Amino acid sequence: MAVPATFLVFCACVLGFYHVEATPDTLSSQDSSFCHGGLEVIYPQLDIDKCLVIPKDQKLRQKISTLWEAPRIYFSGANKKKMYVLVMVDPDAPRRINPTAAYWRHWVVVNVQGSGLIKGQMHGTTLTEYHPPTPPQKSGFHRYQFMLYEQLPDAPVSLTEQEQSSRGKWDLQAFVKRFYLGKPVATLQFLTQNYKD
């Protein structure tokens, strides 16, 4: 474990990682209680390991929406011999007070190898290509939720034709139930709003 920690410190120094701490004034108790299990989402200059609000400074909101591609996913609690399903959704589309398009499906990867997750290398089958957080202007803060589920062995996971036709109004619970995924083993979320607001 000393080598990865040293490597991460080195990366943080060289690449200028911005590690954001969640504080009680930035998140409601409901929002801060969502995160559990030790999931880590790593963008080029932003390492997220707790529920938080993306700050406006450093242009992080703009970078996460327009510049950065899919983040690296790290989960130290993964079982090397198991496979996982990663889901990223926005439950607040088009706005939190009236989420008529929830869940908006941003990313789905199945057959994710536990051995890779431990190293922060996600190897799997992408069912929904990554789409960055792009909350509409003047729609307030949106939650972007990452959920990691343990996948049953020899149980292929897929999207229906209807699910593939649209990212919006996705029935996440039906998907979870259909493939017996149960409760997520780890969850993480961040809140952001349109960077022009």
Side-chain angles (χ1 to χ4, degrees), residues 30-31 34-43 48 51 64-66 68-75 77-118 120-136 139-194:
Q30 180 183 8
D31 287 335
F34 178 83
C35 299
H36 73 84
L39 192 62
E40 195 169 345
V41 172
I42 305 168
Y43 287 97
I48 305 171
C51 285
I64 209 166
S65 292
T66 63
W68 295 334
E69 296 181 1
R72 285 181 36 233
I73 305 296
Y74 174 77
F75 181 50
N79 182 321
K80 291 180 181 181
K81 296 181 180 179
K82 293 192 175 180
M83 290 195 300
Y84 296 85
V85 174
L86 177 77
V87 170
M88 177 189 176
V89 293
D90 173 0
D92 302 321
R95 59 184 37 86
R96 193 165 182 172
I97 56 171
N98 188 22
T100 55
Y103 284 92
W104 188 270
R105 194 175 66 251
H106 277 263
W107 196 20
V108 178
V109 186
V110 301
N111 306 324
V112 179
Q113 299 170 10
S115 56
L117 281 173
I118 294 172
Q121 301 168 351
M122 197 167 67
H123 303 291
T125 305
T126 301
L127 298 184
T128 300
E129 293 290 336
Y130 177 77
H131 187 273
T134 50
S139 66
F141 280 95
H142 287 234
R143 293 166 290 170
Y144 292 91
Q145 300 178 334
F146 294 80
M147 289 166 270
L148 188 69
Y149 298 90
E150 194 174 294
Q151 187 174 330
L152 292 176
D154 303 319
V157 177
S158 60
L159 296 174
T160 65
E161 279 187 36
Q162 183 179 356
E163 287 173 319
Q164 291 176 31
S165 68
S166 172
R167 290 177 182 250
K169 297 184 179 181
W170 186 42
D171 190 342
L172 173 61
Q173 295 312 314
F175 174 80
V176 167
K177 189 175 179 182
R178 192 163 73 237
F179 298 106
Y180 304 97
L181 298 177
K183 291 185 179 179
V185 294
T187 57
L188 187 70
Q189 78 174 353
F190 61 80
L191 280 71
T192 191
Q193 63 181 356
N194 189 286

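Just the heavy atoms: all of them, side chains too, but no hydrogens, waters or symmetry mates, feed the values below. None of these values were measured; they are calculated from a predicted model.
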Checklist entry - For Val157 and Met83, what are the C-alpha separation, side-chain angles and deciding distance, and is it a side chain to side chain contact (heavy atoms under 4.5 Å, CB included)? => result CA-CA 11 Å; Val157 177; Met83 290 195 300; over 6 Å; no
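- Inter-residue side-chain proximity for Leu181 and Met147 is flagged as unmet; no heavy-atom pair is nearer than 4.5 Å.
- Leu159 places a side-chain heavy atom less than 4.5 Å from the side chain of Trp170.
- Nearest heavy atoms, Asp171 versus Ala174: OD1-N, 3.0 Å.
- Ring geometry for Tyr43 against Phe190 counts as perpendicular: the plane angle is over 60°, on a 0 to 90° scale with 30° as the lower cut.
- Atom CD of Gln145 is separated from atom CG of Leu191 by 8.5 Å, given to the nearest 0.5 angstrom.
- With sequence neighbours left out, the side-chain hydrogen bond (donor to acceptor under 3.5 Å, both in side chains) criterion links Ser65 to no other residue.
- Annotation: the span from Tyr130 atom OH to Met88 atom CE amounts to 4.5 Å, rounded to 0.5 Å.
- Between Leu86 and Phe75, the closest side-chain pair of non-hydrogen atoms is not below 4.5 Å.
- Using a 4.5 Å heavy-atom cutoff, the side chains of Cys35 and Leu188 are in contact.
- Of all heavy-atom pairs spanning Ala102 and Pro91, the tightest one is CB-O, 3.3 Å.
- Distance check: Glu129 CD to Arg167 CZ gives 8.0 Å after rounding to the nearest 0.5 Å.
- Applying the side-chain contact (heavy atoms from CB on, under 4.5 Å) test to Asn194 and every residue at least two apart in sequence or in another chain returns Gln137, Lys196, Asp197.
- The salt bridge (Lys or Arg N to Asp or Glu O under 4.0 Å) test applied to Arg143 returns Asp92, not counting sequence neighbours.
- Evaluation of the side chain to side chain donor-acceptor pair (under 3.5 Å) test over residues 78-88, restricted to residues two or more places apart or in two chains, returns Lys82-Glu150.
- For Thr66, the side-chain contact (heavy atoms from CB on, under 4.5 Å) partners two or more places apart in sequence, or in a different chain, are Gln62, Tyr195.
- Remark: Gln121 pairs with Lys119, His123 by the side-chain contact (heavy atoms from CB on, under 4.5 Å) rule, at least two apart or across chains.
- Note that CD1 of Ile73 is 6.0 Å distant from CG of Leu39, once rounded to the nearest 0.5 Å.
- Applying the side chain to side chain donor-acceptor pair (under 3.5 Å) test to residues at least two apart or on different chains, the pairs with a partner in residues 173-185 are Glu163-Arg178.
- The number of heavy atoms from other shown groups lying within 6.0 Å of CD (Gln164) is above 12.
- Sorted by first then second residue, the side chain to side chain donor-acceptor pair (under 3.5 Å) pairs that include residues 100-109, not counting sequence neighbours, are Arg105-Thr128.
- Nearest heavy-atom pair, Asp31 versus Cys51, reported as atom, atom and distance to 0.1 Å: O-SG, 3.3 Å.
- Residues Pro94 and Ala101 approach most closely at CD-N, 3.8 Å, considering heavy atoms.
- Of all heavy-atom pairs spanning Pro135 and Pro133, the tightest one is CD-C, 3.5 Å.
- Under the ring pair (Phe, Tyr, Trp, His ring centres under 6.0 Å) criterion, Phe179 pairs with Phe175, not counting sequence neighbours.
- Counting all heavy atoms, side chain and backbone alike, Tyr144 lies closest to Asp90 at OH-OD2, 3.6 Å.
- Pro71 is listed as a side-chain neighbour of Val41, based on a closest heavy-atom distance under 4.5 Å.
- Scanning for side-chain hydrogen bond (donor to acceptor under 3.5 Å, both in side chains) contacts around Gln151 gives Asn111, with sequence neighbours left out.
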